[in-house]
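These notes are about the structure you will find just below.
FYI, the numbering just counts along the sequence from 1.
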Amino acid sequence: SSGINAEYGDPQIDQTTPPPPLSYGSGYSATVKSASVGHVISRVEEELVCCRLVEQHHNMLIYSVPPHSELAPLFALLSLLKKEGLVEDYSVSQCSLEDVFINFARAGPDFDRTDNGSSDCRIEVMT
C-alpha cells in the first residue's frame, strides 16, 4: 500500500505506509435465494473463486466475499443467474458487527485468536 506525501510542495508517493488494519466485519456477505441451489453453487464456484460458501439453509445460500474483491463480477453473475431463472433474489452487503458476534458464537471456545478471518466477517484480534 502507498500514501501521498505533500511535504515541501510536490506530492510524492510514500511506499512505506502500512495498509490499514482490517476492521470489524471487514468484507462482504452475499445472500442468494434459489430453488436450484446446486446449479448456483457450481456456477459461483466456477466463475467466482474469491467467494466462499459459508452457509446453506434449504433454498438460501450465504457467501463470504473478501474485503478487497471486485464486486462487479459478483453482481454480473448474480444478475445473469436471476435472468436465467436460477436465482429468485440476492443481496450483497458489508459484514456487520452482528456477523462478527455470530461467527464468534459459531466458533465456540475453540476460536483461533490468530485467525484474522477477513474473508468470513470475523474480527481481527490484536494481541
The reported gap from CZ in F75 to NZ in K82 (rounded to nearest 0.5 angstrom) is 12.0 Å

The side-chain hydrogen bond (donor to acceptor under 3.5 Å, both in side chains) partners of H58 (sequence neighbours excluded) come to none

Determine all donor-acceptor pairs shorter than 3.5 Å in which one atom belongs to a side chain in residues 39-46; sequence neighbours excluded.
{"unit_1": "S42", "atom_1": "OG", "unit_2": "G38", "atom_2": "O", "d": "3.3"}
{"unit_1": "S42", "atom_1": "OG", "unit_2": "H39", "atom_2": "O", "d": "2.9"}
{"unit_1": "R43", "atom_1": "NE", "unit_2": "E47", "atom_2": "OE2", "d": "3.0"}
{"unit_1": "R43", "atom_1": "NH1", "unit_2": "E84", "atom_2": "OE1", "d": "2.9"}

Checklist entry - Between S34 (side chain) and S36 (backbone), is there a donor-acceptor pair under 3.5 Å? => result yes

Which of C50, C51, S29 passes side-chain contact (heavy atoms from CB on, under 4.5 Å) with Y63? Answer is C51

*asked:* Using side-chain heavy atoms (C-beta onward) and a distance below 4.5 Å, is T31 in contact with S91?
replied: yes

Residues 60-69 vs salt bridge (Lys or Arg N to Asp or Glu O under 4.0 Å), sequence neighbours excluded, gives none

Any L48 side-chain heavy atom under 4.5 Å of V65 side chain: no

**Report entry** Side-chain heavy-atom pair V37, Q56 within 4.5 angstrom cut-off
**Finding:** yes

Taken in chain and number order and not counting sequence neighbours, the residues that satisfy side chain to side chain contact (heavy atoms under 4.5 Å, CB included) with S79 are K83, Y90

Cluster check L61, L80: I/L/V/M/F/W/Y, side chain < 4.5 angstrom: no

So salt bridge (Lys or Arg N to Asp or Glu O under 4.0 Å) across residues 31-41, not counting sequence neighbours, yields K33-E88

Practice problem: Go through the steps for L78 and V92 under the test side-chain contact (heavy atoms from CB on, under 4.5 Å), then give the verdict. | Solution: CA-CA 10 Å; L78 293 176; V92 178; 4.3 Å; yes

Here the gap from L77 atom CG to L86 atom CG, rounded to the nearest 0.5 Å, amounts to 9.5 Å

